[in-house]
Amino acid sequence: MLKTADLLSSRALAPLWQGLQASSPYQPTQAWLLDSPYRRPTDLSTLPVEALSEPVRLGQLFTQRSLVLNRLLFNIYEQNNLYLPQARFSEADTEAFHRFYAPDFMAANAFVRPAVERACFQLLDDELTVDGPWTMEHLEAYCQKLLTDFEATPSEVCRRVDQAAFPKQAARMFLIQVAPDFLSEASQMARALPGNFGPVHSELTKIFIDEFGYGVFQHKHSTLFERTLESVGLNSRVHAYYYWYLPSSLLMTSYFHWITSNKPRWFEYVGALYWIEAVVPHFNRQFSKLLKAQFGQDTDTEYFDEHVGIDLHHRRMALDKLIRPTVQLYGDSVIPAMVRGIEASRLLGDLAERDFFAQMDFCEALHGGKAAPEGPVDLAGAAEHPKGWFLEPRVCDVETVLAVAAGEVEVDGGYLTPRVLRTGEAVAIPAGRMVGARVASEGARLLFRPRGEAAARG
């Protein structure tokens, strides 16, 4: 059997990679928000196919390479989801629709998928240990301890957002980070349903039916989430905010696609599903209150309120109807995989939270006028750009300076209200943080360089 490493060394992926680099759906746009679910800007031009052979380690997750690879993997999985516009197809929509779902494009993505999965998910093997021995009694005690500790602590996300200088913008940015999953909620679960695997099959289907609103569109969880987005002033179009998805948010969403599409990871999925269902009520109860406090009592929080009740039920179902019967049938040997699913979900959740907090801190500094670089900036290397020139949102691998030598430039980090920098102004973007810019005046001159290269020489 051909291994992924052998495939990479054989150069068999090279022509497919070149085709993906030039593919229409992955080309850049010139807008902060995307107007089509079929456009998925993914700058593969900066990565040779050899980049797939080196896994993204934990310390490299908040990098541009990680962002590109996680965008790619997310898009590959998303081709299994059908997206249709809520209005009549325009000619451009029709063309984009057929390009995104074109068999040759899907085949090329599918062919590179194992290598991209290996690059993105190797960090879980590096970081997780699930050594036993495990029994059902140990597993139950372990789950109860984790859940008790989790529910004893107020949400740090809610606390940080509530105390932010710009809490509305911070709350919206958090909603954007969960949108990759919530806009097509339970689509990953749908991957786990085909087949024939006994009574637990039917129990999982019951959870799935709940997620999809029992067949009633207005009760479908993704529909509820769309209404929440609209009630706080956000666009509910599928992946309109694609450019602002952080690497950790994409990785968290892709993880559930990965473990549901790779059937040997079924037992891992059962554990991961339990943990997600278990922790949602505690968080959602707090976030619902936060949204109403920030945006008013008329804010549509049904999405979060619904999960407070239904996921208490789901976590009991996951334990009593999925985990227990599975262990009883297959034995204690399947428990380590379940524990891995729980631990992977916890780790990825912690990473997403850390990424969000760091990005929020940068946005707070940017919009509060506190992101100026230390020391003067050498503007001699500033380049002139036409009005409308767009620097796609990207992650800075090192501390980077964005400075305006002439004209006006809009700069944002995900708060969706770009700050306008004028002649002589500059901001420092910390390593690991996302930033985008758009030239707002003719003849503007912009410098975008690592801090060490931008510092003025004495």
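Residues: numbered from 1 along the sequence shown.
- Residues in residues 73-96 take part in these salt bridge (charged side-chain N to carboxylate O under 4.0 Å, His left out) pairs, two or more places apart or across chains: R40-E78, E95-R99.
- Rounding to the nearest 0.5 angstrom, the gap separating the OG1 atom in T253 from the CZ atom in F182 is 8.5 Å.
- F174 pairs in a ring pair (Phe, Tyr, Trp, His ring centres under 6.0 Å) with only one of the listed residues (Y415, F283, F357, W244), which is F283.
- Side chain of R265 to backbone of I259: no donor-acceptor contact under 3.5 angstrom is found.
- The salt bridge (charged side-chain N to carboxylate O under 4.0 Å, His left out) pairs that include a residue from residues 11-37 are R11-E50, where partners are two or more places apart or lie in different chains.
- Ring-centre distance between Y303 and H307: below the 6.0 Å cut-off.
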- Item | Pair F100-Y83, ring-ring contact (aromatic ring centres under 6.0 Å, His included): steps then yes or no | CA-CA 10 Å; F100 185 68; Y83 294 110; 7.7 Å; no

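- More than 12 heavy atoms of other residues, nucleotides or ligands shown are found within 6.0 angstrom of NE2 on H201.
- Screening residues 156-167 for salt bridge (charged side-chain N to carboxylate O under 4.0 Å, His left out), with sequence neighbours left out, gives E156-R159, R160-D361.
- Atom CG of D298 has 12 or fewer neighbouring heavy atoms from other residues, nucleotides or ligands inside a 6.0 Å radius.
- Without hydrogens or angle criteria, S66 side chain to L61 main chain gives a donor-acceptor distance under 3.5 Å.
- Of the possible donor and acceptor atoms, none in the side chain of S202 sits under 3.5 Å from a partner among the backbone N and O of G198.
- Within the 4.5 Å cutoff, no side-chain heavy atoms of W275 are placed close to those of M338.
- Using cut-offs of 30° and 60° on the angle between ring planes, the pair F89 and F97 is tilted.
- With sequence neighbours left out, T400 forms a side-chain hydrogen bond (donor to acceptor under 3.5 Å, both in side chains) with no residue at all.
- The closest donor-acceptor contact from the side chain of T299 to the backbone of G296 lies under 3.5 Å.
- Scanning for side-chain contact (heavy atoms from CB on, under 4.5 Å) contacts around T46 gives D43, with sequence neighbours left out.
- Judged by distance alone, with hydrogens and angles left aside, the side-chain atoms of K168 form a donor-acceptor pair with the main-chain N or O of Q294 at under 3.5 Å.
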- Intermediate values then yes/no, side-chain hydrogen bond (donor to acceptor under 3.5 Å, both in side chains), E230 and S236: CA-CA 6 Å; E230 292 164 0; S236 64; 2.6 Å; yes

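- A donor-acceptor pair is defined here as one N or O able to donate and one able to accept, closer than 3.5 Å; such a pair exists between the side chain of D300 and the backbone of E302.
- In summary, the side chains of T63 and D397 do not present any donor paired with an acceptor at a separation below 3.5 Å, with no hydrogens or angles considered.
- Residues passing the ring pair (Phe, Tyr, Trp, His ring centres under 6.0 Å) test with F304, sequence neighbours excluded: F287.
- Without hydrogens or angle criteria, Y269 side chain to K263 main chain gives no donor-acceptor distance under 3.5 Å.
- Atom-to-atom distance recorded for D305:CG and K289:NZ is 10.5 Å, nearest 0.5 angstrom.
- Separating the SG atom in C143 from the CZ atom in R315 is a distance of 11.0 Å, to the nearest 0.5 Å.
- In summary, the side chains of H282 and E151 do not present any donor paired with an acceptor at a separation below 3.5 Å, with no hydrogens or angles considered.
- Counting only N and O atoms by type, the side chains of N80 and H257 include no donor and acceptor under 3.5 Å apart.
- A cation-pi arrangement is found for R438 relative to F390, the charged atom lying closer than 6.0 Å to the ring centre and inside a 45° cone about the ring normal.
- Judged as a salt bridge (Lys or Arg N to Asp or Glu O under 4.0 Å), and not counting sequence neighbours, E392 has no contacts.
- Remark: R191 pairs with no residue by the salt bridge (Lys or Arg N to Asp or Glu O under 4.0 Å) rule, at least two apart or across chains.
- We find that R433 and D355 are joined by a salt bridge, their nearest charged nitrogen and carboxylate oxygen being less than 4.0 Å apart.
- When ring centroids are compared, W134 and Y142 come within the 6.0 Å threshold.
- The list of ring pair (Phe, Tyr, Trp, His ring centres under 6.0 Å) pairs with a residue in residues 39-58, not counting sequence neighbours, is empty.
- Ring-centre distance between Y241 and Y245: not below the 6.0 Å cut-off.
- Here the straight-line distance linking atom CD1 of I207 with atom CE of M189 works out to 6.0 Å at 0.5 Å rounding.
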- Where do S23 and Q27 land on the side-chain hydrogen bond (donor to acceptor under 3.5 Å, both in side chains) test, with the steps shown first? CA-CA 7 Å; S23 63; Q27 297 311 298; 4.9 Å; no

- Start with the C-alpha distance between R419 and D412, add both sets of side-chain angles, then the distance that settles salt bridge (Lys or Arg N to Asp or Glu O under 4.0 Å), and finish with yes or no. CA-CA 6 Å; R419 177 185 166 192; D412 200 3; over 6 Å; no

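- For the residue pair E268 and Y255, a side-chain donor N or O sits within less than 3.5 Å of a side-chain acceptor on the partner.
- In this structure, L312 and E277 have side chains that are not in contact, with every pair of non-hydrogen atoms separated by 4.5 Å or more.
- Checking side-chain atoms of S155 against main-chain N and O of C158 turns up a donor-acceptor pair under 3.5 Å.
- Looking only at distances, a side-chain donor or acceptor of Q177 sits under 3.5 Å from a matching main-chain atom of L246.
- Note that the CG atom of L351 and the CG atom of L123 stand 7.0 Å from one another [nearest 0.5 Å].
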- Is there a side chain to side chain contact (heavy atoms under 4.5 Å, CB included) between S345 and F256 once you walk through the steps? CA-CA 9 Å; S345 298; F256 281 87; 3.8 Å; yes

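- Using a 3.5 Å distance cut-off with no hydrogens or angles, the side chains of N75 and Y242 do pair a donor with an acceptor.
- The environment of CD in Q328 is sparse: at most 12 heavy-atom neighbours from other residues, nucleotides or ligands sit within 6.0 Å.
- Y274 and H314 share no side-chain donor-acceptor pair at under 3.5 Å.
- Listed by chain and number, the residues in a side-chain hydrogen bond (donor to acceptor under 3.5 Å, both in side chains) with Q218 are R227 (sequence neighbours excluded).
- A salt bridge is absent between K220 and D210: the closest approach of a Lys/Arg side-chain nitrogen to an acidic carboxylate oxygen does not fall below 4.0 angstrom.
- Side-chain atoms of E226 and S222 form no donor-acceptor pair, as typed in the model, at a separation below 3.5 Å.
- Residues satisfying the salt bridge (Lys or Arg N to Asp or Glu O under 4.0 Å) test with E343, not counting sequence neighbours, are R346.
- Taking all atoms of both residues into account, the shortest heavy-atom contact from V409 to A437 is CG1-CB, 3.9 Å.
- Scored by the salt bridge (Lys or Arg N to Asp or Glu O under 4.0 Å) test, R172 finds no partners at all (sequence neighbours excluded).
- Remark: side-chain polar atoms of S288 are not paired, donor with acceptor, to backbone N or O of N284 under 3.5 angstrom.
- Note: W258 and Y77 fail the aromatic proximity criterion, with ring centroids not under 6.0 Å apart.
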